[in-house]
Structures are given as structure tokens and as C-alpha cells.
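Keep in mind that this is a model prediction, so the values were computed, not measured. When a residue number appears, it is its place in the shown sequence, counting from 1.
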Amino acid sequence: MNQLKVELPSNISIEEARLLLSVKLFETEKLSLGQAAKLAGYSKRTFIELLGKMGVPVINYPAEELEQEINL
């Protein structure tokens with residue numbers, strides 16, 4: 001596993017930075033939900049709740065596919 005060392009401003013905690021990094025890596029499909037939750041230090045359930053609060057969709061379902069499913 002790779003390591004990253006970053007100096008954070010005093011107003012950003014390590015936990016907050018880890019969560020934000022995990023969310024972004026999940027959002028860009030670099031990490032799975034489970035991998036991102038683990039990196040952030042949360043259970044999948046809690047991580048899903050945090051994603052919801054941050055407005056990040058847990059399921060990426062294209063609008064076109066959804067419309068096709070509805071019209072069947």
C-alpha cells in the first residue's frame with residue numbers, strides 16, 4: 001500500500017482530511033464503497049450516511065438507463 005504524508009492546516013483534523021479524501025476517491029470510482037469506508041475509518045453503513053449528508057450518490061445509475069427501466 002502506498003503512503004502519503006501531508007501537512008494540514010491547523011483547522012483541518014486528520015479525520016476530516018481522511019474522510020474527504022475517501023469520499024473523493026469513491027466519487028471518482030478509484031475506490032469501492034468498502035475500500036473508501038475502510039480508509040475513512042467508518043463502517044459501510046456510517047460511510048453511506050456521511051455520503052448522503054455530503055450529497056454524494058452511493059449508486060451511480062445513469063439517467064438514461066433509469067428512464068429505460070421505468071418505461072419497460
Side-chain angles (χ1 to χ4, degrees):
M1 180 179 277
N2 293 328
Q3 291 187 359
L4 173 68
K5 185 175 180 178
V6 178
E7 290 188 34
L8 298 170
S10 60
N11 63 327
I12 299 175
S13 70
I14 293 171
E15 293 79 17
E16 181 182 11
R18 186 176 289 131
L19 173 61
L20 293 173
L21 175 62
S22 300
V23 168
K24 196 58 167 176
L25 290 172
F26 171 75
E27 190 176 27
T28 58
E29 300 180 358
K30 302 290 185 189
L31 292 180
S32 69
L33 178 67
Q35 291 169 325
K38 184 176 179 179
L39 178 62
Y42 293 99
S43 68
K44 284 184 188 179
R45 182 179 195 154
T46 302
F47 191 69
I48 289 170
E49 290 175 12
L50 291 168
L51 289 173
K53 289 179 183 178
M54 297 172 90
V56 176
V58 175
I59 299 172
N60 188 5
Y61 203 73
E64 300 82 29
E65 288 182 29
L66 181 58
E67 188 173 332
Q68 287 175 357
E69 293 285 332
I70 292 171
N71 292 328
L72 290 179

**Study point:** Verdict with supporting geometry, Glu15 and Arg18, salt bridge (charged side-chain N to carboxylate O under 4.0 Å, His left out)
**Key:** CA-CA 5 Å; Glu15 293 79 17; Arg18 186 176 289 131; 5.3 Å; no

Check your understanding: So does Asn2 have more than 12 non-hydrogen atoms from other groups sitting under 6.0 Å from CG?
Key -> no

Review point. Same cluster for Val23 and Leu39 if Ile/Leu/Val/Met/Phe/Trp/Tyr side chains link at under 4.5 Å?
Key: no

Review point. Is there a path from Leu20 to Leu33 through hydrophobic residues (I, L, V, M, F, W, Y) whose side chains come within less than 4.5 Å of each other?
Key: yes

Check your understanding: More than 12 non-hydrogen atoms from neighbouring residues, nucleotides or ligands closer than 6.0 Å to CG on Leu8, yes or no?
Key -> yes

Point to revise | Nearest heavy atoms of Lys44 and Gly34, plus distance in Å | key: CE-CA, 3.6 Å

Check your understanding: More than 12 heavy atoms of other residues, nucleotides or ligands under 6.0 Å from CD of Glu65: is that the case?
Key -> yes

Point to revise | side-chain hydrogen bond (donor to acceptor under 3.5 Å, both in side chains) between Ser13 and Glu16, intermediate numbers included | key: CA-CA 5 Å; Ser13 70; Glu16 181 182 11; 4.5 Å; no

Point to revise | Hydrophobic cluster membership, Val56 vs Leu31, 4.5 Å side-chain cutoff | key: no

Exercise for review: With rounding to the nearest 0.5 Å, note down the distance linking CD1 in Ile48 to CD1 in Ile59.
Suggested key: 8.5 Å

Revision key, fill the gap. Of all heavy-atom pairs linking Gly55 and Pro57, the shortest is O-CD, 3.6 Å

**Study point:** Separation of Glu69 CD from Glu64 CD (nearest 0.5 Å)
**Key:** 12.5 Å

**Study point:** Approximate separation, where rounding is to 0.5 Å, of Ser43 OG and Glu49 CD
**Key:** 7.5 Å

Check your understanding: With hydrophobic residues grouped by side-chain heavy-atom distances under 4.5 Å, do Val58 and Leu25 end up in a single group?
Key -> no

**Study point:** Nearest-0.5 Å distance, OH of residue Tyr42 to OG of residue Ser22
**Key:** 9.5 Å

